[in-house]
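Only heavy atoms go into these numbers, but all of them, side chains included; no hydrogens, no water, no symmetry mates.
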Amino acid sequence: MIAATGNRCGHDPRQPRLSPATPIRKGKGGFPRILSLAAERAKAWYFHPKKCPPLQSRPKRKTRSERREACQIVLETILAHLDLASMCLGTPTLSSGFVDIDMRTIVRETGIGQRRCERAIAVFKEAGFMKVTQPRTQNEEGQYFGCRAIRVVTEALFDWLGLGPMLARERRRATAAIRKKAQKANTKLTELMRRITKKLPYRKRSPGQSDENATRQWNLKCAECFKEGMDSEEARRRTNAALGYSPDYSPGHPRTPQPLQLFSLLPQR
């Protein structure tokens with residue numbers, strides 16, 4: 001049965017849902033005020049999209065209300081997982097270093113489909129509000145596997161919301177709190193903020209079977225993107241994002257992963 005609103009995701013332009021299934025926590029015991037304030041201010045973009053030209057698909061054409069709604073929902077979830085010190089989505093821990101959130105967490109907490117989440121994140125990337133990199137690691141068989149994507153929110157998002165000076169203050173406080181946590185635990189800040197680089201577990205397969213299956217899976221996913229009308233570059237990028245490869249990966253042409261230093265993202269004193 002076709003939805004009365006003209007779409008299959010339950011969006012109603014007259015009564016949009018602008019908050020995720022798991023809203024950002026406010027008040028005592030919640031997140032820093034700047035995060036909930038950013039989510040509140042960004043909601044104006046749904047009703048007045050011209051106030052934020054970078055989020056418009058075309059200069060003189062409004063982005064569809066369905067996409068604008070998804071952007072608001074995903075943005076609040078992103079802000080709820082933002083580490084202000086590094087501007088990455090995740091949490092620094094004493095036992096495992098910096099733990100990035102995965103797409104499944106974003107999908108679960110937004111309460112919308114994965115494809116809508118991916119499209120919303122793509123909008124933020126094109127607007128310059130987010131950067132996403134896909135690190136890879138190698139197992140004992142010499143095969144490369146994609147790790148969790150590293151999602152970074154840029155300061156441009158807060159500048160557009162008029163929260164640039166407040167962000168600078170909150171980042172200094174967050175960095176000081178992390179330094180204090182590291183000193184209390186008698187460990188280095190770089191160890192607290194590092195990402196795990198150990199080799200991933202794997203299952204034994206017959207020689208050549210893994211490469212053939214991976215190539216077949218990649219080709220099938222890429223074919224789906226072509227059916228949606230994407231060009232070759234966009235299809236490859238979407239396929240790699242869905243399967244956990246680096247953006248420039250192609251079957252038969254693996255790329256060596258580059259080490260990522262999270263500590264360099266911290267504001268200096």
Side-chain angles (χ1 to χ4, degrees), residues 1-27 30-82 84 87 89 101-132 149 151-164 166-167 225 228-230 234 238 241-242:
M1 181 177 180
I2 300 176
T5 55
N7 59 74
R8 296 186 295 273
C9 65
H11 168 64
D12 186 350
R14 295 164 298 183
Q15 295 180 338
R17 180 169 71 92
L18 303 182
S19 295
T22 305
I24 192 168
R25 297 199 309 271
K26 303 178 183 179
F31 296 100
R33 174 55 179 159
I34 186 174
L35 301 179
S36 58
L37 182 60
E40 293 169 5
R41 290 191 179 185
K43 285 181 171 58
W45 290 344
Y46 176 85
F47 301 100
H48 307 283
K50 291 184 179 181
K51 289 187 176 181
C52 188
L55 289 182
Q56 292 186 246
S57 56
R58 296 180 184 178
K60 296 183 179 181
R61 182 178 178 181
K62 291 194 302 184
T63 303
R64 294 177 59 185
S65 61
E66 172 191 347
R67 185 69 53 84
R68 302 202 308 271
E69 178 188 69
C71 286
Q72 299 298 329
I73 295 173
V74 172
L75 179 60
E76 185 166 336
T77 299
I78 286 173
L79 292 171
H81 288 278
L82 179 63
L84 288 169
M87 298 298 285
L89 303 189
I101 66 168
D102 55 13
M103 180 58 73
R104 287 180 297 180
T105 301
I106 296 176
V107 172
R108 181 181 67 252
E109 296 193 6
T110 56
I112 61 178
Q114 180 169 337
R115 289 294 295 150
R116 290 189 73 192
C117 289
E118 291 174 348
R119 293 189 186 103
I121 291 176
V123 170
F124 293 138
K125 287 170 59 180
E126 293 172 2
F129 293 162
M130 282 190 70
K131 295 179 181 178
V132 181
R151 301 176 175 88
V152 182
V153 176
T154 66
E155 295 179 1
L157 171 64
F158 292 87
D159 289 338
W160 272 97
L161 292 168
L163 297 172
M166 186 177 182
L167 175 65
C225 295
E228 294 181 11
M230 303 180 191
E234 178 66 10
R238 292 290 182 88

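Residues Q72 and W45 have side chains in contact (heavy-atom distance under 4.5 Å, counting atoms from C-beta outward). The closest side-chain heavy-atom distance from L161 to L37 is not below 4.5 Å. Residues F158 and V153 have side chains in contact (heavy-atom distance under 4.5 Å, counting atoms from C-beta outward). Counting only heavy atoms from C-beta outward, the side chains of F47 and L18 approach each other to under 4.5 Å. F129 is listed as a side-chain neighbour of L55, based on a closest heavy-atom distance under 4.5 Å. Contact check for R151 versus M103: side-chain heavy atoms found under the 4.5 Å cut-off. For the pair V74 and R119, the minimum side-chain heavy-atom distance is 4.5 Å or more. Side-chain atoms of S36 and F31, non-hydrogen and from C-beta on, never get closer than 4.5 Å to each other.
Residue pairs that meet the salt bridge (Lys or Arg N to Asp or Glu O under 4.0 Å) test with at least one member in residues 152-163, sequence neighbours left out, are E155-R171.
Residues passing the side-chain contact (heavy atoms from CB on, under 4.5 Å) test with T22, sequence neighbours excluded: E109. In this structure, the salt bridge (Lys or Arg N to Asp or Glu O under 4.0 Å) partners of R33, at least two apart in sequence or on a different chain, are E40.
Separating the OG1 atom in T105 from the CG atom in L89 is a distance of 10.5 Å, to the nearest 0.5 Å. For the atom pair CE of M130 and CE of M87, the computed distance is 10.5 Å after rounding to the nearest 0.5 Å. Atom SG of C71 sits about 12.5 Å away from atom NZ of K43, to the nearest 0.5 Å. From L82, atom CG reaches atom CG of L35 across 6.0 Å, with rounding to the nearest 0.5 Å. Here the straight-line distance linking atom CG of L84 with atom CG of L79 works out to 9.0 Å at 0.5 Å rounding. With values rounded to the nearest 0.5 angstrom, D102 atom CG is found 7.5 Å from R108 atom CZ.
Remark: side-chain polar atoms of T77 are not paired, donor with acceptor, to backbone N or O of I106 under 3.5 angstrom. Distance alone, capped at 3.5 Å, places no donor-acceptor pair between the E76 side chain and the P23 backbone.
Considering all non-hydrogen atoms of both residues, R68 and P49 come closest at CD-CB, 3.9 Å. The shortest heavy-atom contact between I112 and A70 is CD1-CB, 4.2 Å. For the pair T110 and C117, the tightest heavy-atom approach, listed with the atom from each and the gap, is OG1-SG, 3.4 Å. Here the shortest heavy-atom pairing between S19 and I73 reads O-CG1, 4.0 Å. When all heavy atoms of P53 and K50 are compared, the pair lying nearest together is CD-O, 3.6 Å.
Ion pair E69/R116 flagged as a salt bridge, since at least one NZ, NE, NH1 or NH2 atom sits closer than 4.0 Å to an Asp/Glu carboxylate oxygen.
No more than 12 heavy-atom neighbours from other residues, nucleotides or ligands sit within 6.0 angstrom of NZ on K131.
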